[in-house]
Amino acid sequence: MLLLTKLIAGAALLPIVMMLALLNDGADRILHARMQRRTGPPLLQTYYDVLKLLCKETIVPRRAVAWVFNGAPWASLTVTLMLFLYLPMGALPPILGTEGDVILVLYLLAASAVCLVAGGYASGSPYASVGASREMVLMMSYEFPLSMVVCTLAWYALRTGMPGEPFSLETFVATPLWGVVGLNGLLGLGSLFLVLLAVVPAEVGKAPMDIPEAKTEILEGLIVEYSGRNLALIKIVFALRQLAMCALVVNLFLPWSLGGALGVSGLSLFALDFLAFWVKVFAVQVLGVTLVRTAFGRIKIWQASWFYWVPVGGLSLAGMLLMTLDILKAA
């Protein structure tokens, strides 16, 4: 019975998430255009683009490894959709929440990108191969600070005796860290928050970290040979990854319950917190994606690698040290 309930909940949630991802992408495009003093596309333009691509012919390059080339978008979409089964959404617990789900979320994010890299290499295009190589370099660069953030938060939760499993997202949703840490911890937590925001553009493939696609350099790079249904699936994957990464930021750093603050209970609490959760996700998207890609132009791959290994990696280490000092001072 419990398994059936989870299957029904997952089947209901995933279409909603896909619609929200495409809607948020359309809002991002409008805000980006308005910041540049342009009108921008309609809010539903991303829906129109995906529907049009679904109706077009899917072309497989002659030199491609067809089963990998065609399978990569489906595998990436499946893995990305699985992410949302492990994410708490306001007062609603994750459908498949378990111990260590933060690690699983990071793994699924990486697996989604690796699937697209495999598809790029399998296309047989030199442009796609260059884009795939850039994606791998970028992943190896930002995974270090991203892992540092998660491991530091989990270690802090373990050492301070926070209720719940330290690598579970529900632990951080139930007990926001901002109210637990001292002064040193507050500075460290702020540093880790900035690190995670810095990782978001690279994780979702937006400027200034859209180096693997780089339209003006390698003609869409990683996805240059994709068309029709396959390209539509990849567009959905990009929108979903953006939504999932912003949702992860909210769960780790901005998990406050609006319904709890207003004294709401019952079904109203779940509904209000569910809506407030997605509002916070969109706010993080505006702050971490839209503003950044409007303010900065695309950088080179070696600059991106240096950025994540040195300044962002150093900031993550500083955050870890500050959180450690907070624990030692409390002891």
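What you see is a predicted model; the values in this text were computed from it and never measured. Atoms considered below: every heavy atom in the structure, side chains included; atoms not considered: hydrogens, waters and symmetry mates.
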Peer 1: How would you list, by chain and number, every residue that makes a ring pair (Phe, Tyr, Trp, His ring centres under 6.0 Å) with Trp309, sequence neighbours excluded?
Peer 2: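 Ring pair (Phe, Tyr, Trp, His ring centres under 6.0 Å) check on Trp309 returns Phe144.
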Peer 1: So do Arg241 and Leu116 actually touch side chain to side chain, heavy atoms under 4.5 Å?
Peer 2: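 Yes, at least one pair of side-chain atoms sits under 4.5 Å.
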Peer 1: Within a strict 4.5 Å, meaning less than it, do heavy atoms of the Leu87 and Pro94 side chains meet?
Peer 2: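 A side-chain contact is absent here, since even the closest heavy-atom pair is not under 4.5 Å.
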Peer 1: Would a 4.5 Å heavy-atom cut-off, applied to side chains only, mark Phe193 and Leu252 as touching?
Peer 2: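 No; the side chains remain at least 4.5 Å from each other.
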Peer 1: How close do Glu170 and Pro93 get, heavy atom to heavy atom, and via which atoms?
Peer 2: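 Smallest interatomic distance, heavy atoms only, reads OE2-CB, 3.6 Å.
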Peer 1: Could you tell me whether Asp28 and Arg293 have a side-chain N and a carboxylate O separated by less than 4.0 Å?
Peer 2: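 Arg293 and Asp28: salt-bridged.
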Peer 1: Just how far is it from atom OG1 of Thr78 to atom CG of Leu14, taken to the nearest 0.5 Å?
Peer 2: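 One gets 10.0 Å once the value is rounded to the nearest 0.5 Å.
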Peer 1: Write down the atom of Leu54, the atom of Ala232, and the distance for their closest heavy-atom approach.
Peer 2: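 Minimum heavy-atom separation between Leu54 and Ala232: CD2-CB, 3.7 Å.
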Peer 1: Is the shortest heavy-atom distance from the side chain of Pro255 to the side chain of Val250 under 4.5 Å?
Peer 2: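 Not in contact.
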Peer 1: Would you say Val292 ends up clustered with Ile299 if hydrophobic residues are merged whenever their side chains have heavy atoms under 4.5 Å apart, either directly or through other cluster members?
Peer 2: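 No.
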Peer 1: Going by atom types only, do Thr58 and Asn230 share a side-chain donor-acceptor pair under 3.5 Å?
Peer 2: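 No pair is found: no donor N or O on one side chain lies under 3.5 Å from an acceptor on the other.
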Peer 1: For the residue pair Pro41 and Ile30, what are the closest heavy atoms and their distance?
Peer 2: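 Of all heavy-atom pairs spanning Pro41 and Ile30, the closest is O-CG1, 3.2 Å.
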Peer 1: Please round to the nearest 0.5 Å and tell me the distance separating atom CG of Asn184 and atom CG of Leu325.
Peer 2: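 Interatomic distance, Asn184 CG to Leu325 CG, rounded to 0.5 Å: 5.5 Å.
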Peer 1: With side chain to side chain donor-acceptor pair (under 3.5 Å) as the rule and sequence neighbours excluded, what pairs involving residues 37-57 come up?
Peer 2: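 As it turns out, the side chain to side chain donor-acceptor pair (under 3.5 Å) pairs with a partner in residues 37-57, which skip direct neighbours, are Asp25-Thr46, Arg29-Thr46, Arg29-Asp49, Gln36-Arg38, Gln45-Asp49.
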Peer 1: With sequence neighbours left out, write down each residue that passes ring pair (Phe, Tyr, Trp, His ring centres under 6.0 Å) with Tyr127, or none if nothing qualifies.
Peer 2: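 Once residues adjacent in sequence are excluded, Tyr127 has no partner under the ring pair (Phe, Tyr, Trp, His ring centres under 6.0 Å) criterion.
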Peer 1: To the nearest 0.5 Å, how far apart are CE in Met136 and CG in Leu222?
Peer 2: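 Answer rounded to 0.5 Å: 11.0 Å.
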Peer 1: Crowded around Trp74 CH2? As in, over 12 foreign heavy atoms under 6.0 Å?
Peer 2: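 For Trp74, atom CH2 is not crowded (no more than 12 foreign heavy atoms under 6.0 Å).
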Peer 1: Are the side chain of Ser316 and the backbone of Gly313 linked by a donor-acceptor contact shorter than 3.5 Å?
Peer 2: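 A pair under 3.5 Å: yes.
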Peer 1: Membership question, hydrophobic clusters at under 4.5 Å side-chain separation (ILVMFWY): are Val279 and Val289 in the same one?
Peer 2: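 Each belongs to a different hydrophobic cluster.
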Peer 1: Do Leu291 and Met35 have side chains that get closer than 4.5 Å, going by heavy atoms?
Peer 2: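 They are in side-chain contact.
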Peer 1: Please give me the minimum heavy-atom distance between Ala304 and Ile211, naming the atom from each residue.
Peer 2: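 Looking at all heavy atoms of both residues, the closest pair is CB-CD1, 3.5 Å.
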Peer 1: What's the verdict on side-chain contact (heavy atoms from CB on, under 4.5 Å) for Val17 and Met89, showing C-alpha distance, side-chain angles and the deciding distance?
Peer 2: CA-CA 11 Å; Val17 165; Met89 298 176 185; 4.3 Å; yes
Peer 1: Are any non-hydrogen side-chain atoms of Leu186 and Asp326 less than 4.5 angstrom apart?
Peer 2: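 In short, these two side chains do not touch, never coming nearer than 4.5 Å.
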Peer 1: Taking Ser112 for the side chain and Val79 for the main chain, is one N or O donor matched with an acceptor at less than 3.5 Å?
Peer 2: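 Judged by distance alone, no pair lies under 3.5 Å.
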Peer 1: For the CG atom of Leu23 and the CG atom of Leu243, what is their distance to the nearest 0.5 Å?
Peer 2: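 Those atoms lie 10.0 Å apart.
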Peer 1: Starting from Met82, can I reach Met18 by hopping between I/L/V/M/F/W/Y residues whose side chains sit under 4.5 Å apart?
Peer 2: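 Yes, one cluster joins them.
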Peer 1: Find out whether Phe282 and Val286 are in side-chain contact, i.e. whether some heavy atom of one side chain is under 4.5 Å from a heavy atom of the other.
Peer 2: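 Yes. Closest side-chain heavy atoms under 4.5 Å.
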Peer 1: Please identify which of these residues, Ile95, Leu92, Leu81, meets the side chain to side chain contact (heavy atoms under 4.5 Å, CB included) condition with Leu13.
Peer 2: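 Of the listed options, the one satisfying the test is Ile95.
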Peer 1: Going by heavy atoms in the side chains, are Asp101 and Glu165 under 4.5 Å from each other?
Peer 2: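 When only atoms from C-beta onward are counted, Glu165 and Asp101 do not touch, as no gap falls below 4.5 Å.
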Peer 1: To the closest 0.5 Å, what do you measure between CZ (Arg134) and NZ (Lys300)?
Peer 2: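 The NZ atom of Lys300 is 10.5 Å from CZ of Arg134, to the nearest 0.5 Å.
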Peer 1: For residues Thr80 and Phe84, report the shortest heavy-atom separation together with the two atoms involved.
Peer 2: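 Residues Thr80 and Phe84, closest heavy atoms: O-CD1, 3.6 Å.
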Peer 1: Evaluate side-chain contact (heavy atoms from CB on, under 4.5 Å) for Glu203 paired with Glu143, printing each intermediate quantity in order.
Peer 2: CA-CA 9 Å; Glu203 188 70 72; Glu143 286 295 340; 4.3 Å; yes
Peer 1: The test is side-chain contact (heavy atoms from CB on, under 4.5 Å); show your working for Tyr156 and Val181 and say whether it passes.
Peer 2: CA-CA 9 Å; Tyr156 188 91; Val181 297; 3.4 Å; yes
Peer 1: Going through the distances and angles, do Phe69 and Tyr226 end up as a ring-ring contact (aromatic ring centres under 6.0 Å, His included)?
Peer 2: CA-CA 9 Å; Phe69 181 80; Tyr226 280 103; 4.2 Å; yes
Peer 1: About how many Å separate CD of Gln285 and SG of Cys246, when rounded to the nearest 0.5 Å?
Peer 2: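 So the SG of Cys246 and the CD of Gln285 are separated by 5.0 Å.
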Peer 1: After noting the C-alpha distance and the side-chain angles of Phe253 and Trp178, does the key distance pass the side-chain contact (heavy atoms from CB on, under 4.5 Å) rule?
Peer 2: CA-CA 8 Å; Phe253 290 98; Trp178 300 100; 4.0 Å; yes
Peer 1: Do you know the tightest heavy-atom contact between Val312 and Pro145?
Peer 2: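 Nearest heavy atoms, Val312 then Pro145: CG1-CB, 3.7 Å.
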Peer 1: Can a donor-acceptor pair be found, under 3.5 Å and without considering hydrogens, that links the side chain of Lys280 to the backbone of Leu275?
Peer 2: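 Here the side-chain-to-backbone pair does not exist.
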Peer 1: Give the cluster check for Val195 versus Phe296: same hydrophobic cluster or not, with ILVMFWY residues linked at side-chain heavy-atom distances below 4.5 Å.
Peer 2: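 No; Phe296 is not reachable from Val195 via cluster members.
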Peer 1: Decide whether Val150 and Val173 are clustered together by the hydrophobic rule: side chain heavy atoms of Ile, Leu, Val, Met, Phe, Trp, Tyr closer than 4.5 Å, transitively.
Peer 2: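 In one cluster: no.
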Peer 1: I'd like to know if the side chain of Ser305 and the backbone of Ile301 have a donor-acceptor N/O pair within less than 3.5 Å.
Peer 2: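 No; judged by distance alone, with no hydrogens or angles, the pair does not exist.
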Peer 1: If you measure only the distance, is there a donor-acceptor pair under 3.5 Å linking the side chains of His32 and Thr294?
Peer 2: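 Yes, because at least one side-chain N or O of His32 sits under 3.5 Å from a partner of the opposite role on Thr294.
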